[in-house]
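Written below as structure tokens is the structure these notes are about.
Source: prediction; values computed, not measured. Nothing fancy with the numbering, it's 1 onward along the sequence.
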Amino acid sequence: MAEAGETWARTYYRNPTSVELTAVLSLMAPGGRAWQANCLPHEGDEPGLCETPRALSLGEPSAYAAVAEFAADGDGGHGPLLLRAGSNSVAAEGR
């Protein structure tokens with residue numbers, strides 16, 4: 001996401017199961033900078049979201065990458081990885 005000179009990552013989710021999940025959303029910026037958000041997706045069919053902190057943009061939005069990882073909550077932290085999704089950029093001339 002980019003707006004008014006700031007960039008951040010956002011992912012939406014639904015967790016219609018009774019399994020507790022944890023989520024980590026990472027935003028990688030040009031020059032090796034990164035931001036991370038740890039989220040606890042609530043149970044239920046209602047949509048939720050997880051966002052990284054907003055930061056001053058360090059270049060074009062296409063220079064950023066984001067990855068969301070969802071895992072089953074296990075004893076002592078993260079359990080088995082259930083989903084990993086990453087961003088991809090559309091070329092300037094489109095696809």
Side-chain angles (χ1 to χ4, degrees):
M1 308 283 300
E3 179 180 77
E6 295 181 317
T7 303
W8 68 100
R10 175 186 294 166
T11 188
Y12 295 94
Y13 63 83
R14 285 188 183 196
N15 180 14
T17 71
S18 60
V19 176
E20 289 188 29
L21 300 177
T22 59
V24 177
L25 178 60
S26 302
L27 176 65
M28 287 74 69
R33 296 195 65 185
W35 293 266
Q36 191 175 66
N38 294 293
C39 303
L40 297 171
H42 62 271
E43 296 176 29
D45 197 32
E46 292 299 315
L49 67 87
C50 179
E51 285 187 337
T52 62
R54 295 179 183 215
L56 291 176
S57 297
L58 300 173
E60 295 298 316
S62 61
Y64 286 78
V67 175
E69 296 179 314
F70 289 82
D73 194 18
D75 291 335
H78 298 293
L81 182 64
L82 300 174
L83 172 70
R84 177 179 290 143
S87 64
N88 59 348
S89 298
V90 175
E93 64 274 359
R95 290 188 182 206

Minimum heavy-atom distance L58-A29, with the two atoms named: CD1-CB, 4.2 Å

Atom of C50, atom of L25 and distance for their closest heavy-atom approach: O-CD2, 3.3 Å

side-chain contact (heavy atoms from CB on, under 4.5 Å) evaluation trace for F70 with T11: CA-CA 11 Å; F70 289 82; T11 188; 4.2 Å; yes

Student check: side-chain heavy atoms of P47 and Y13 closer than 4.5 Å: no

Between CD on residue E20 and NE2 on residue H42, distance to nearest 0.5 Å: 13.0 Å

Neighbour count above 12 (heavy atom, 6.0 Å) for E60 CD: no

Distance, nearest 0.5 Å, that separates CD of E6 from CG of L56: 6.5 Å

R33 CZ: over 12 foreign heavy atoms closer than 6.0 Å: no

D45 versus P16, closest heavy-atom pair with distance: OD1-CB, 4.1 Å

Sidechain-backbone polar pair: S57 side chain, G5 backbone, donor-acceptor under 3.5 Å: yes

Atom pair CD/CG of E69 and L82 - distance to nearest 0.5 Å: 11.0 Å

Step-by-step side-chain contact (heavy atoms from CB on, under 4.5 Å) determination, T22 to L40: CA-CA 5 Å; T22 59; L40 297 171; 3.8 Å; yes

Minimum-distance pair of heavy atoms, taken over all atoms of L27 and W8: CD2-CA, 3.7 Å

E43 and T17: CA distance, side-chain angles, deciding distance, side-chain contact (heavy atoms from CB on, under 4.5 Å) verdict: CA-CA 7 Å; E43 296 176 29; T17 71; 5.9 Å; no

Minimum heavy-atom distance between M28 and V67, given as atom pair plus value: CE-CG2, 3.8 Å

Non-hydrogen atoms of N15 and P41 that approach each other most closely: ND2-O, 4.1 Å

Sub-4.5 Å side-chain heavy-atom contact between R54 and M1: no

